[in-house]
There are 2 protein chains.
Amino acid sequence: MRSTSARPRATIRDVAQAARVSPQTVSNVINAPDRVRPDTRTRVLAEIERVGYRPSTAARGLRHQRAGAVGIELNVSSGGGDVGALLVGQLTVRAPSYGVHLVPFADDEVFPMVEAYRDMVRRHLVDAFVFADTHSGDPRPGWLLEHEIPFASFGRPYSHPELTCWADVDGHAGLTLAVEHLVERGFETVAYLGWPLHLEDPAVAEDRHAGWVDATASLGVGGPSGTSDQELGAAVRAADALLDELGPGDAVACASDLLALGVLYAAAHRGLVVGTDLGVVGFDGSLLARRHGLTTVVQPFRDIADSLLGIVRDQLAGRPSPQAGHLLRPALAASATTDRTGTSTAYPQIPSLTRR
Amino acid sequence: MRSTSARPRATIRDVAQAARVSPQTVSNVINAPDRVRPDTRTRVLAEIERVGYRPSTAARGLRHQRAGAVGIELNVSSGGGDVGALLVGQLTVRAPSYGVHLVPFADDEVFPMVEAYRDMVRRHLVDAFVFADTHSGDPRPGWLLEHEIPFASFGRPYSHPELTCWADVDGHAGLTLAVEHLVERGFETVAYLGWPLHLEDPAVAEDRHAGWVDATASLGVGGPSGTSDQELGAAVRAADALLDELGPGDAVACASDLLALGVLYAAAHRGLVVGTDLGVVGFDGSLLARRHGLTTVVQPFRDIADSLLGIVRDQLAGRPSPQAGHLLRPALAASATTDRTGTSTAYPQIPSLTRR
DNA sequence: CTGAAAGCGCTTACAG
DNA sequence: CTGAAAGCGCTTACAG
């Protein structure tokens, strides 16, 4: 039968008794080692190691009046894509380096979201928050500022343009990478499939579009452009219209992987062989891109996680805010959709149908 | 300039003073309301509400010798699919109903995974664990049992078949749903695309296969079957071979949404119109399925989350283990790939190419 | 360099 | 029904 209560863990007193010092000295060994004589320190450290002692998070939190945790809002219902999960993964991996752990939470469908934030704070469960999906009517930045609760957002907080507590991918740099890569691979004209500017995240749409405009202008490879909402059906239709103006040897750089998938389908319709006939580059580094062999601009989730955690750590330490938000450089992951040798495989592989 | 320190929150003493009772009475109002006279209770409750008092998690945890948290291992590097994120989302939503919060953690690429578990326990950060991706050589169940730490797994812990602390989707029921749905929609033969049994999760592969065998036998609609690893290229090839043996009006039930996507692509190769000519049903209820208009057997993530959290809550309370693991019924979400009217849209929509 | 004291916020017996 | 006491594990001044 499975036992149900865990064996009690070693406390600071156990370590102290075994090392024949007081608990305070053990504490000093951990928190201010230079205040302890080397030989004492060695003896205590050995004992800590032997019994596997680690300070209790709860006791420390109580004493410091700090939870040592960062709340992270999960967008459960929207389920837009898979990039949210990639960011959460990197935040989880990086959090220990900042001396914190993550506490995810989500709208419980009953109270408005701000209630969830308020409750986490009142219970002393977290010291700060990280969230994504910022948008113009977003009540979160205002509420958090008003209550003096540190936070950092993935994406600019549009409601408070003066804030610098955000990190985002450099969309301009990303599209420059995409265009340069396509030119390097020998594609002649680079078209663009982006989002309409009235979407919730206008700065992102603008940055990526401007990156394409500037890069194609400087390389002399500009082409037509189109827009589509972030939905596959709309993307296929917009891509289809775009392909009317393109020929073999041309390419499309896209504002997202989903839009790029739309281009793949529209190209398959026409019997174009993606990679050799038509270049396609997506944006996000999503699972979707990996699955379909899409060349994509990969969001630097690890750097973003470090920025966000660094921002809240500095705020908690009372350090001054940075001069500007963190705009982080993405990287390009080349795959089948820009492979002119046709060696690697993109999906859908429909063009072979036309060659039977 | 942004202020950096949050205003101190109300404590039990603040409430007690304002309500002119002792802190203990406030505690009783919260934890044992029947021990307090109704009028006192009302007065205290009003004060709690007025100042927005919530007990401190850290102080409670220290007193109870319990973190009130469940560790959840995130599979960051593998990045298999998007279903892991869906489970984490539902665990997050449901956790408050069990009086706990989640603490995600991940392999830090330096220590073996068990080190991460050990560290969480030593720091009193969590009382129990939930994890997925169980497999035969899995060291986690053994280690957790040995250290008497409660846990529950999504998927059977193969190394310890006697354990009942797991929840899983009922794959047999899921494939029965899939076959019944296809027959109801008028498809004549139902083929199967599944996984080879040597994969890491043999019981899942067997259950789903057996569900197809039994359901097609009882309805007299059996057809050929094939297997493929959980990878798109392999799935397309396996599906292509399967389609050699099928004709218009037939269907394929699949062990996963990714395998089903392979069928879509293989069908597009042949100019088959999925939905009207060929029925396809996936399994998982993944984002991939939503995006492509796949009819799919949806994993009951909310029920799974409830089962897992219920298991660890019972273990922590010292209640006896259940007689068996929790096998939960999935639901079918009908979409374009079984829509014989051709009203809804599946992607890829390549067949229209053949009709130009 | 080391240790005795106080207290972070809460709850659990226990006394009144 | 209500309150005074003790203690969960830790750390921060402070005294020695």
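Computed from heavy atoms alone, side chains included, the values below leave out hydrogens, waters and symmetry copies. Remember, predicted model here, so these are calculated numbers, not experimental data.
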Review point. Arg60(B) has an atom CZ; how far is it from atom P of dC10(D), in whole Å?
Key: 21 Å
Study note, to complete from the structure: Which of dG3(C), dC10(C), dC10(D) is nearest the side chain of Ser22(A)? It is dG3(C)
**Study point:** Arg122(B) CZ to dC10(D) C1', straight-line distance once rounded to whole Å
**Key:** 18 Å
Review point. Taking CG from Asp14(B) and P from dG9(C), how many angstroms apart are they, rounded to a whole number?
Key: 9 Å
Review point. Do the side chains of Ile30(A) and Pro55(A) get nearer than 4.5 Å, heavy atoms only?
Key: yes
Exercise for review: Tell me what Arg63(B) touches on the nucleic acid: a base, only sugar-phosphate, or nothing, going by heavy atoms under 4.0 Å.
Suggested key: base
Review point. Contacts to DNA chain D from residues 36-59 of chain B, heavy-atom cutoff under 4.0 Å, which residues?
Key: Val36(B), Arg37(B), Thr40(B)
Practice item. Using atom CZ of Arg66(A) as one end and atom P of dT11(D) as the other, report the distance to the nearest whole Å. Key: 15 Å
Point to revise | side-chain contact (heavy atoms from CB on, under 4.5 Å) between Ile72(B) and Leu102(B), worked out | key: CA-CA 7 Å; Ile72(B) 165 99; Leu102(B) 254 40; 3.8 Å; yes
Exercise for review: Run the numbers on Val103(B) and Val70(B) for side-chain contact (heavy atoms from CB on, under 4.5 Å), then give the verdict.
Suggested key: CA-CA 6 Å; Val103(B) 177; Val70(B) 174; over 6 Å; no
Check your understanding: Would you write out the dot-bracket form of DNA chain D, 5' to 3', with Watson-Crick and G-U pairs under 3.5 Å, [ ] for crossing pairs, | for pairs to other strands and . for unpaired bases?
Key -> |||.||||||||.|||
Practice item. Hey, could you give me the CZ/CH2 distance between Arg118(A) and Trp143(A), rounded to the nearest 0.5 Å? Key: 5.5 Å
Practice item. Find out whether Tyr53(A) and Ile12(A) are in side-chain contact, i.e. whether some heavy atom of one side chain is under 4.5 Å from a heavy atom of the other. Key: yes
Review point. For Thr25(A) and dG3(C), is the shortest distance between a side-chain N/O and OP1 or OP2 below 4.0 Å?
Key: yes
Exercise for review: Using a cut-off of strictly less than 4.0 Å, decide whether Gln65(B) has a side-chain nitrogen or oxygen near OP1 or OP2 of dT11(C).
Suggested key: no
Exercise for review: May I ask you to check if Arg140(B) and Phe131(B) form a cation-pi contact, with NZ or CZ under 6.0 angstrom from the six-membered ring centre and within 45° of the axis?
Suggested key: yes
Review point. Would one find a side-chain N or O of Arg13(B) under 4.0 angstrom from OP1 or OP2 of dG9(C)?
Key: no
Review point. Do Asp39(A) and Arg43(A) sit within salt-bridge range, that is, some charged N less than 4.0 Å from a carboxylate O?
Key: no
Check your understanding: Which heavy-atom pair separates Ser56(A) from Ala59(A) by the least distance, and what is that distance?
Key -> OG-N, 3.1 Å
Exercise for review: Take the protein atom CG of Asn31(A) and the nucleotide atom C1' of dC10(D), then report the distance between them rounded to whole Å.
Suggested key: 9 Å
Point to revise | Phe129(A) ring center within less than 6.0 Å of Phe105(A) ring center | key: yes
Exercise for review: Describe the nucleic acid contact of His64(A) in one word from base, sugar-phosphate, nothing, applying a heavy-atom distance below 4.0 Å.
Suggested key: sugar-phosphate
Study note, to complete from the structure: Ile12(A) CD1 to dC8(D) P, in whole Å, measures 14 Å
**Study point:** Closest-nucleotide ordering on DNA chain D, the 5'-leading residue of Pro23(B) and Leu62(B)
**Key:** Pro23(B)
**Study point:** Nearest-Å distance for atom pair CZ/P, residues Arg9(B) and dC8(C)
**Key:** 16 Å
Exercise for review: Please report, rounded to the nearest Å, how far the P atom of dG7(D) is from the CD atom of Gln24(B).
Suggested key: 15 Å
Point to revise | Residue pair Val100(A) / Val312(A), side-chain heavy-atom distance below 4.5 Å | key: no
